Amino acid sequence: MSTDTEAPIYTKSALEFKSSSFSSPVLVIHTTELKQITHQLKEKIAQAPEFFKNSPVLIDLQHCNDDEHPIDLGQLITTLHAEKLFPIGISSANEDQKLIAIKYHIPVHTIRGTHSDISTTKSVSTQNKPQEGTEKTKDGTINAIENMLISHPVRSGQRIYAKGDLTILSHVSAGAEVMAEGNIHVYGALRGRALAGVQGNPESRIFCSALQAELVSIAGHYKTSEDLDKLEQHQPTQISLQDQALIINNL
Amino acid sequence: MARIIVVTSGKGGVGKTTTSAAIAMGLAKKGHKTAVIDFDVGLRNLDLIMGCERRVVYDFVNVINGEATLRQALIKDKRCNQLFILPASQTRDKDALTQEGVGKILEELSKEFKYIVCDSPAGIERGANLAMYFADDAFVVTNPEVSSVRDSDRMLGILASKSRRAEQGEEAIKEYLLLSRYSPERVKLGEMLSVEDVQDILSLHLLGVIPESKSVLNASNSGIPVILDEESNAGQSYSDIVARYLGEDVPHRFIDEEKKGLFGKLFGRK
């Protein structure tokens with residue numbers, strides 16, 4: 001089950017960039033009055049000191065930048081640091097604020113900024129909303145355009161790469177390699193190599209109608225045919241990743 | 001326009017040249033004007049199998065280099081006046097072949113011939129690539145064993161992606177499976193892949209099964225395409241293959257072990 005027996009070609013490098021998502025508190029600022037902010041911040045933290053201790057926060061300036069006098073970002077960051085909060089990003093910043101943020105080594109998030117600036121100011125900003133919004137647009141565009149459908153057998157020596165999901169209506173021969181950033185569906189026998197979630201998506205899966213693969217991998221976690229040998233090979237199979245381990249189920 | 005057939009396999013020694021000679025002779029005997037070209041530059045064999053090795057004057061490379069005309073290089077078969085052989089050069093290597101040169105020759109042959117059979121060398125290098133590049137149909141010769149099947153699979157991948165038809169987005173090359181050196185007895189003993197096994201891996205249209213036969217070696221040694229040996233299983237199987245390729249409905253033979261009684265019946269009918 002573990003993947004550390006042999007050094008595979010895929011994880012030889014010392015590091016890799018993976019795409020993953022996690023949630024973080026967003027601090028939405030409603031005023032430019034620093035005194036008021038400091039006061040209310042202390043109050044909030046007092047309610048749950050452990051929760052906020054050394055917590056990362058994303059600063060959202062959308063609402064306070066409607067004011068004529070922009071907030072002094074440098075001061076705000078100093079205040080947050082004083083309260084043991086770590087700003088990890090800033091959104092809806094104006095040009096001056098962006099420069100200041102970069103000076104403080106804080107990344108500037110622009111995706112949401114442009115979107116909501118254009119749309120309206122009346123959208124009620126709950127803390128989770130910005131994340132949901134960006135994810136939706138990502139999913140929508142990527143899946144619609146980058147999925148790939150192959151209707152012929154994938155022959156030995158051929159390599160196929162899909163930026164989204166990859167669907168193969170025939171079989172994948174021994175010596176062939178199919179890769180996808182999303183899921184892989186094989187409606188024939190899978191005899192070659194199949195690598196799903198090659199950009200690190202642990203949610204991706206591999207489906208095939210017969211598993212006789214040389215290698216299967218999800219997000220870099222792999223099994224070779226040696227490990228697969230004991231399994232029932234001629235049944236429709238699903239492969240998923242759970243707690244860093246590949247789970248192989250008959251469908 | 002001629003139909004260009006490439007006889008290919010990836011792996012060596014599976015019977016490409018034997019098949020090329022037999023198919024070309026079969027097509028010619030059916031009355032179609034056929035040319036067979038040896039693409040194995042440097043390892044010339046086709047002329048031996050066809051029994052015309054003593055009549056080679058000019059070769060494929062001479063024609064490409066403009067040192068001889070096609071008419072000078074083509075050898076007319078003595079047994080069938082519809083069949084012509086273009087031998088490979090023995091003193092050169094595959095780099096002597098150019099895509100432009102091969103294309104020109106095939107184009108010129110197309111005007112005069114109905115079928116052009118290209119005998120591909122083994123491997124997936126230049127010679128093999130040029131042999132299949134201009135093809136309309138591919139006869140993939142495979143032995144019922146795993147390495148041959150895998151090499152054929154690799155070749156099929158190349159046919160699908162690197163041919164002229166693939167590059168120009170035309171209709172794909174028609175691919176046919178020829179399973180050679182087949183022995184039903186050994187399949188039964190589990191020593192050999194069965195037709196079903198091979199079909200399962202390659203998912204390819206089966207054009208015919210050529211049984212393992214002593215007559216193939218005998219025919220090669222004496223320079224007579226095995227299809228002319230009407231007594232032999234292999235010869236009959238090639239006749240069936242040519243007929244099937246030309247659209248006739250011929251049942252498959254030699255797939256199952258023949259019982260003595262059935263054996264007699266088959267020959268009685270002939």
Side-chain angles (χ1 to χ4, degrees), chain A residues 9 147-163 166-180 184-195 206-216 224-226 228-229 231-237 250-251, chain B residues 6 8-12 14 120 122-126 128-129 132 135 137-163 165-167 169-177 179 193-194 196-206:
Chain A
I9 335 153
N147 288 343
M148 198 188 266
L149 178 77
I150 307 283
S151 53
H152 53 78
V154 184
R155 302 291 184 184
S156 187
Q158 290 185 319
R159 300 181 86 198
I160 296 199
Y161 189 99
K163 289 204 159 213
L166 174 60
T167 308
I168 295 157
L169 300 182
S170 189
H171 64 252
V172 177
S173 289
E177 197 167 64
V178 292
M179 289 172 283
I184 297 177
H185 303 260
V186 182
Y187 289 95
L190 172 57
R191 301 195 178 96
R193 295 165 165 240
L195 296 89
I206 299 170
F207 306 87
C208 59
S209 35
L211 180 65
Q212 297 153 31
E214 293 170 338
L215 181 141
V216 288
T224 61
S225 60
E226 220 171 30
L228 301 171
D229 252 2
L231 300 153
E232 181 53 62
Q233 298 187 337
H234 298 282
Q235 285 210 17
T237 307
N250 287 336
L251 285 173
Chain B
V6 61
T8 188
S9 70
K11 193 173 181 294
V14 296
S120 171
I124 52 171
E125 281 77 40
R126 192 181 185 82
N129 278 328
M132 67 88 195
D137 298 314
F139 286 9
V140 179
V141 184
T142 305
N143 287 171
E145 46 105 5
V146 283
S147 57
S148 173
V149 172
R150 178 174 295 189
D151 289 1
S152 294
D153 196 49
R154 178 86 170 98
M155 201 63 222
L156 286 162
I158 294 171
L159 287 170
S161 57
K162 292 194 179 151
S163 63
R165 281 172 173 266
E167 281 176 7
E170 293 171 27
E171 192 190 340
I173 294 178
K174 279 213 181 71
E175 300 154 343
Y176 301 94
L177 174 65
L179 200 54
L193 295 176
S194 69
E196 290 79 30
D197 292 338
V198 178
Q199 285 272 70
D200 187 40
I201 297 172
L202 295 179
S203 40
L204 209 55
H205 177 72
L206 180 71

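Owing to the predicted nature of the structure, the values given are computational and were not obtained by experimental measurement. To find a chain, count down the sequence lines: A is the first, B the second, and so on, and within it residues start at 1.
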Participant: For I124(B), is it the side chain, the backbone, both, or neither that has a heavy atom closer than 4.5 Å to a heavy atom of chain A?
Facilitator: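 No part of it gets close to chain A.
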Participant: Less than 3.5 Å apart and able to act as donor and acceptor by atom type: which atom pairs between chain A and chain B qualify?
Facilitator:
residue: R155(A); atom: NH1; partner: D153(B); partner atom: OD1; Å: 3.0
residue: R155(A); atom: NH1; partner: L202(B); partner atom: O; Å: 2.8
residue: R155(A); atom: NH2; partner: L202(B); partner atom: O; Å: 3.1
residue: S156(A); atom: N; partner: D153(B); partner atom: OD2; Å: 2.7
residue: Q158(A); atom: NE2; partner: G157(B); partner atom: O; Å: 3.2
residue: H171(A); atom: ND1; partner: S203(B); partner atom: OG; Å: 3.3
residue: H171(A); atom: NE2; partner: I201(B); partner atom: O; Å: 2.9
residue: S173(A); atom: OG; partner: D153(B); partner atom: OD1; Å: 3.1
residue: S173(A); atom: OG; partner: D153(B); partner atom: OD2; Å: 2.5
residue: R191(A); atom: NH2; partner: D200(B); partner atom: OD2; Å: 2.9

Participant: So which part of L204(B) gets closer than 4.5 Å to some heavy atom of chain A, the side chain, the backbone, both or neither?
Facilitator: side chain
